[in-house]
Amino acid sequence: MKSTLLGVALLGLSAAASASDRAAMYEVTITNISKAQTFTPQLVVTHSGRIHLFRLAGPASDELSVLAEDGATGPLADLLRNQGDAVGDVQTIPGLLGPGASATVTVEAGRTHDFLSVAGMLIPTNDTFFALNRQRLPSGTATFLVPAYDAGSERNDQNCANIPGPTCGGVGSSPGTNAGDEGFVHIGNGFHELGKMDVNGSRILDPLTYDWRNPVAMITVRRIR
């Protein structure tokens with residue numbers, strides 16, 4: 001699967017100072033409003049309007065698939081940093097974010113980096129993630145309720161053997177072995193009753209505990225400078 005992300009010279013000290021004067025700082029607070037899903041480390045990025053983390057009904061990039069299946073932000077963060085002046089600040093909030101908990105990070109934006117994107121995996125799931133995708137930054141404070149998305153890169157078998165994290169301890173992404181995946185990014189539709197164990201005795205997650213309804217995250221963005 002190929003990446004679907006869209007793709008300075010130094011201008012002297014005075015130009016650099018001018019660019020610095022135009023920089024704005026934003027406080028981004030992510031709150032997990034799901035009942036029993038946990039968020040993996042959360043990627044937060046400021047960028048121009050040319051960047052999308054994904055397009056609905058389009059295939060997920062390899063880097064987004066890794067985030068959605070493994071919870072690893074590194075590959076997608078590196079891809080974003082390689083987009084040149086289309087991307088401003090790229091941050092990862094470390095650690096897990098449990099139900100009802102919040103985490104905050106400060107990011108820098110500028111005149112050409114006036115959009116924000118945020119993403120993190122839901123665990124325990126196969127390839128579900130929450131995201132704020134290409135949202136214009138506010139002039140003051142704004143709050144967004146965001147849904148869970150399915151990356152469409154792994155079959156939703158709810159099988160602990162195929163789900164990483166402390167609940168299941170299974171494997172994450174497994175390129176080339178994802179028969180039954182949907183092949184496109186879509187709104188996540190929760191868990192379903194699939195039984196308690198697979199043929200090899202691996203635990204199948206119970207929707208009574210781990211199902212969700214959208215939205216799953218509340219993201220508050222506040223300009224602080």
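Any value given below was found using the heavy atoms of this structure, including those in side chains, with hydrogens, waters and symmetry copies removed.
- A heavy-atom distance below 4.5 Å is found between the side chains of L80 and L53.
- Remark: the backbone N or O of A148 is paired with a side-chain donor or acceptor of N214 at under 3.5 angstrom.
- For the pair Q37/V216, no side-chain contact is recorded, criterion being any heavy-atom separation below 4.5 Å from C-beta on.
- The closest side-chain heavy-atom distance from D85 to R50 is below 4.5 Å.
- No single ILVMFWY cluster, assembled from side-chain heavy atoms under 4.5 Å apart, contains both V146 and V45.
- For the pair N156 (side chain) and N126 (backbone), a donor-acceptor distance under 3.5 Å is absent.
- Both V28 and L137 sit in one connected hydrophobic cluster of ILVMFWY residues. Membership requires side-chain heavy atoms under 4.5 Å apart, directly or through other members.
- Smallest separation of non-hydrogen atoms from V107 and V44: CG1-CG1, 3.8 Å.
- Two residues are said to be in side-chain contact when any heavy atoms from C-beta on lie closer than 4.5 Å; E193 and D206 meet this criterion.
- The aromatic rings of F115 and H47 lie parallel to each other, their planes meeting at an angle below 30°, with 60° marking the opposite boundary.
- Between P59 and V185, the closest side-chain pair of non-hydrogen atoms is not below 4.5 Å.
- With hydrogens and angles ignored, the 3.5 Å screen pairs a side-chain donor or acceptor of T46 with a backbone N or O of D89.
- Contact check for N159 versus C168: no side-chain heavy atoms found under the 4.5 Å cut-off.
- Atom CZ of R155 sits about 7.5 Å away from atom CG of N162, to the nearest 0.5 Å.
- Atom CD1 of I123 and atom CG of L205 lie 11.0 Å apart (nearest 0.5 Å).
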> Between F39 and L122, does a side chain to side chain contact (heavy atoms under 4.5 Å, CB included) hold up when you go through it step by step?
Replying inline: CA-CA 5 Å; F39 298 164; L122 273 65; 3.8 Å; yes
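- Side chain of S117 to main chain of R134: a donor-acceptor pair is present (N/O by atom type, distance under 3.5 Å, no hydrogens or angles).
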> What do the steps show when you test I33 against L145 for side chain to side chain contact (heavy atoms under 4.5 Å, CB included), and what is the final call?
Replying inline: CA-CA 9 Å; I33 59 173; L145 295 176; 4.1 Å; yes
>> Determine whether N32 and M218 satisfy the following criterion, side chain to side chain contact (heavy atoms under 4.5 Å, CB included), listing intermediate values before the conclusion.
In response: CA-CA 7 Å; N32 182 344; M218 180 171 65; over 6 Å; no
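- Under a cut-off of 6.0 angstrom, the local environment of CZ in R81 is crowded, with over 12 non-hydrogen atoms contributed by other residues, nucleotides or ligands.
- The only option from T40, I30, T104 that meets the side chain to side chain contact (heavy atoms under 4.5 Å, CB included) definition with I93 turns out to be I30.
- Interatomic distance, E63 CD to N82 CG, rounded to the nearest 0.5 Å: 9.5 Å.
- The closest side-chain heavy-atom distance from P138 to Y26 is below 4.5 Å.
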>> Show, in sequence, the C-alpha distance, side-chain angles and deciding distance for R203 and I163, and conclude whether the side chain to side chain contact (heavy atoms under 4.5 Å, CB included) test is met.
In response: CA-CA 10 Å; R203 175 186 172 200; I163 297 175; over 6 Å; no
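- Here the OG1 atom belonging to T106 is positioned 8.5 Å from the CZ atom belonging to R222, to the nearest 0.5 angstrom.
- Considering every non-hydrogen atom in both T29 and S102, the closest pair reads CG2-CB, 4.1 Å.
- Side-chain contact check for H192 versus Q158: some heavy-atom pair is nearer than 4.5 Å.
- For residues 205-225, the pairs satisfying ring-ring contact (aromatic ring centres under 6.0 Å, His included) are F191-W212, with sequence neighbours left out.
- Looking only at distances, a side-chain donor or acceptor of D127 sits under 3.5 Å from a matching main-chain atom of G152.
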